Amino acid sequence: MKERSGFSSGGGKRVWLAHIAAWLLCMMPSPTMGQESSARLTLAGTGMVSLNLNRSIDQDSEAEASNQSIVSDFSDSFLLLRLDRQLYTNHRAGMLLGFVFPDAETDLGEVFYNQINVFYDTRAFRGTLGRTRLENFALEFPTLREEDLLEYAFVLNGFSNADNSEFSRYGNVARAELFGSGGRFHARGQASNWTVTDVAGERLNDFEVNSTSGFLGYRLPQGIRYSGVIREAGIGFHSQKVDLPGGNWLTGFSAGLAINLSRNPLRNVELRGQVIHSRGIDAGAPVDAVATTLGTPLGRALSRSTALVASLRLLRRPYQLDRLQVATTVGYKTFSGVDASRFTVVPNVFFQLGQGVDLGVQYQYESLSGSLVELLGLRRSHSIKFVLVFSFQSMFNDYFGDRDDILNLEHGYIS
Amino acid sequence: MRLPIKSACVDESRGETTYGRREFLQAGAFGVAGAVVAGGPLNTPDGSAEVLAREAEAKASATHGGGRAWPDRPEGWWRHQDAVLPPSEAPAQELREVELDIQIIKHEIVPGYSFHVLAFNGQVPGPELRFREGEWVKVYFTNRTELMHTIHWHGVDLQYENDGVPYTTQHPVMPNATFEYTFQAIPAGTRLYHCHFGTPLHMQHAMHGALIIEPERDPIKEEFGYTRDYTLVLESFATNDARDDLNFMLERMKQRMWLMKEGALDEETLAVFESKETFLAAIDRGWDPPYLPNRNQKRERAAQNYNFFAINGKAYPLTAPIMIRRGETIRVRLINGGGLTHHMHLHGHQFWQVAEDGNVLSSPLQINTISVGPGKTADIIIEGYNPGYWTFHDHDTSRVTNNGMYPGGMLTMLVYEEMDDYDGYHPKIALDE
């Protein structure tokens, strides 16, 4: 794979993250100065173990040769620690430290540190520096795991040939967000480093800025999520500086809309849809074969494609407590210039046994067509996942409010 | 100019009267004990042994002349009215009309620290209401929040449907609705009003205010001749818990309002039942009441974490001083609008407690520290016999703090007006000891 350069291509390459971090450290007072006030601490986590029954059918439709497997899967379980405190200016700053358990087939090891960042927060601004979500989508969808829809609901990593979802979901970012109307409207700009791998999918020590993105969004704050018809909307672009003969930039666009079909807080019905269009690079150019075949993660990321995802979710909340979720998500992706497309449907049901404890079952059907069938050796797949999920979030030493608290939104912001 | 302090001042302003009062108290106590023991179990149509003992005490104090007895009061003054008149008896022409509303505001308790509170007419505490005893009052209460509220007239003898207890005497006042409370202002005394819906949150943050019912003849005024009348509403705030609770309740209530508008709010969602039978029937159907651990959202705490304390909405150093002149007598009404007991101690003075819960004591009690529990009121008389600057504070000094920093909170000062001319030590503002 071609070595890629960062934005500062001339002269010595700067390790931008280290520079900014060093500057921040210089600006911060020594931890030994004075008496330390306690930080606000939020501890959150999810333990999620599913029993997966998989059946895949290969390309030989006549023979319908199939593979079946039964596996236990605890991937996407995570633990997250957030510490933040009020500053002398009444702004806030904090850090996030978290890890997720990746899929066993990814060679990422037992855990993957998906959140290692610091942030600076004011009423109208948030700056984030470090590893976190790449925010390379417009909306989230109600599937058991994010990776269930990786190929449909995310702008894929144009630097990675690794067969995992983490490299397309997390990266190192320098992000600035502006908020209006108490967090309802936000504009986000970020420069980021998406994980770079070699052809074999091995991670390279390449931490230079290699992409940018921008996003304009609207979101009803969580506390008033049923109070309007439009729940979320947004549009964004995501540009990866791949520097390949077929093009320097791999640019994708995302747009999404989520609406409350029913604003009933006891029986909420929500519809959401998203489109991601990737302009791809010119497959006709003399580029690495890996980059032109849809049979590899990198090839699919670099291809011109359009992905549509839509979901319908019914949430039953007797006594205003979540109890039952029934959802169906449909995804379709087509690749331009070649005869290739894929389709998936993911219905699921989750029943809350108690607060934070869900028992669920999810079925996923995926169908490939065109050249994808041969390249991936797969025509159709079925999977059924029986899952028990335990999740929690506890806050300690809670001594200041948040931007989108109802009090701050509607009764005057307290800095 | 140097003012004489200490002994010289005591001679001038206390004199024999104060000393005599102490003697009287001792003599009076013996007299009461004697009456009860000698008379044995007393049984009269008018009251209990306790009432008669109070009468005997009053007589004894008059007999012993060295102290002050209350002025003569009509026969049977302690009796309650036989029946409380319903609002329909209110004379329309003589109704005193009052408008109160409730809002959520940002309240700055000390410079640099604000939090959201529930405030009557946008004030903390609510406006002081003063009525004449026997006066008929109509209060128009408008709810300008998205929560439910009522007003309870604490210590007032009124017709029960005006008592302001949600689901017991009335439906709660819904957002944007106005409720009319009509009652006769009886009995006289220092009382309070507060919200009785979600009381731990609403009353303590800060839906409370002073309600003063003035008698035609005030025995305290007649006996002590006070010239100034101060009201101190004592408050304790758990600001972080309140923020959490208010956000939670606003979120929940917004959803309930939508359901109500759609006619879809049922008793199980509201957790309000017509009767014990319907409640138990819901339990049989598998309904989980909100107090069970599996539904106990946002209510992990067993107690509030109080972090700010105030007098009349402000914490030291923004508490207003109590002004007095040498030789002057003042009345201070202490009203506890919060959820903690406050032990108010006045330096350099022995004051008289003259009333509790708004009702005149059988005889004044001379003390220097007075405990005022939640919902309690106490009236004290301070005599200006010791010029200076005298702190008046909760002697549970954990409440003399602002967010844990001492001094602060429930701390004010008795200040002699003459001290402006005094060239000795004058108080500073201390914030971190």
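Residue numbers begin at 1 in each chain, while the letters A, B, ... track the order of the sequences. If you're wondering where the values come from, they're calculated on a predicted model, not measured in any experiment.
The line from CD1 of I406(A) to NE2 of H116(B) is 11.5 Å long, rounded to the nearest 0.5 Å. Atom CG of residue N240(B) and atom OH of residue Y399(A) lie 9.5 Å apart, to the nearest 0.5 angstrom. Expressed to the nearest 0.5 Å, how far CG of L270(B) lies from OH of Y319(A) amounts to 13.5 Å. The CD atom of E108(B) sits 10.0 Å away from the CD1 atom of I414(A) when rounded to the nearest 0.5 Å. In this structure, CG in N247(B) is found 4.0 Å from CG in D405(A), a value given to the nearest 0.5 Å.
The heavy-atom pair separating E410(A) from E146(B) by the smallest distance is OE1-OE1, 3.4 Å. For G412(A) against K106(B), the heavy-atom pair with the smallest separation is O-CD, 3.7 Å. N264(A) approaches W258(B) most closely through the heavy-atom pair CA-CZ3, 3.3 Å. Nearest heavy atoms, D398(A) versus R243(B): O-NH2, 3.1 Å.
For E262(B), no part lies under 4.5 angstrom from a heavy atom of chain A. Of the two parts of Y226(A), only the side chain, counted from C-beta on, holds a non-hydrogen atom closer than 4.5 Å to a non-hydrogen atom of chain B. Interface remark: I224(A) contributes side-chain atoms only to the contact with chain B (heavy atom separation under 4.5 Å). Looking at R225(A), the atoms closer than 4.5 Å to chain B (heavy atoms on both sides) all sit in the side chain, from C-beta outward. At a 4.5 Å heavy-atom cutoff, the contact between I104(B) and chain A is made by backbone and side-chain atoms alike. Neither the backbone nor the side chain of R267(A) comes within less than 4.5 Å of any heavy atom in chain B.
No more than 12 heavy atoms of other residues, nucleotides or ligands shown are found within 6.0 angstrom of CZ on R219(A). Taking a 6.0 Å sphere around CD of E99(B), one finds it holds 12 or fewer heavy atoms contributed by other residues, nucleotides or ligands. Atom NZ of K276(B) is surrounded by 12 or fewer heavy atoms from other residues, nucleotides or ligands within 6.0 Å. Counting heavy-atom neighbours within 6.0 Å of F74(A) CZ, excluding the residue itself, gives a total of 12 or less. Surrounding NE2 of H91(A) are more than 12 heavy atoms belonging to other residues, nucleotides or ligands, all under 6.0 Å away. Counting heavy atoms of neighbouring residues, nucleotides and ligands inside a 6.0 Å radius, atom CD of E274(B) does not exceed 12 of them.
Judged by distance alone, with hydrogens and angles left aside, the side-chain atoms of Q320(A) form a donor-acceptor pair with the main-chain N or O of R252(B) at under 3.5 Å.
Counting heavy atoms from C-beta outward, H411(A) and I105(B) have side chains that stay 4.5 Å or more apart.
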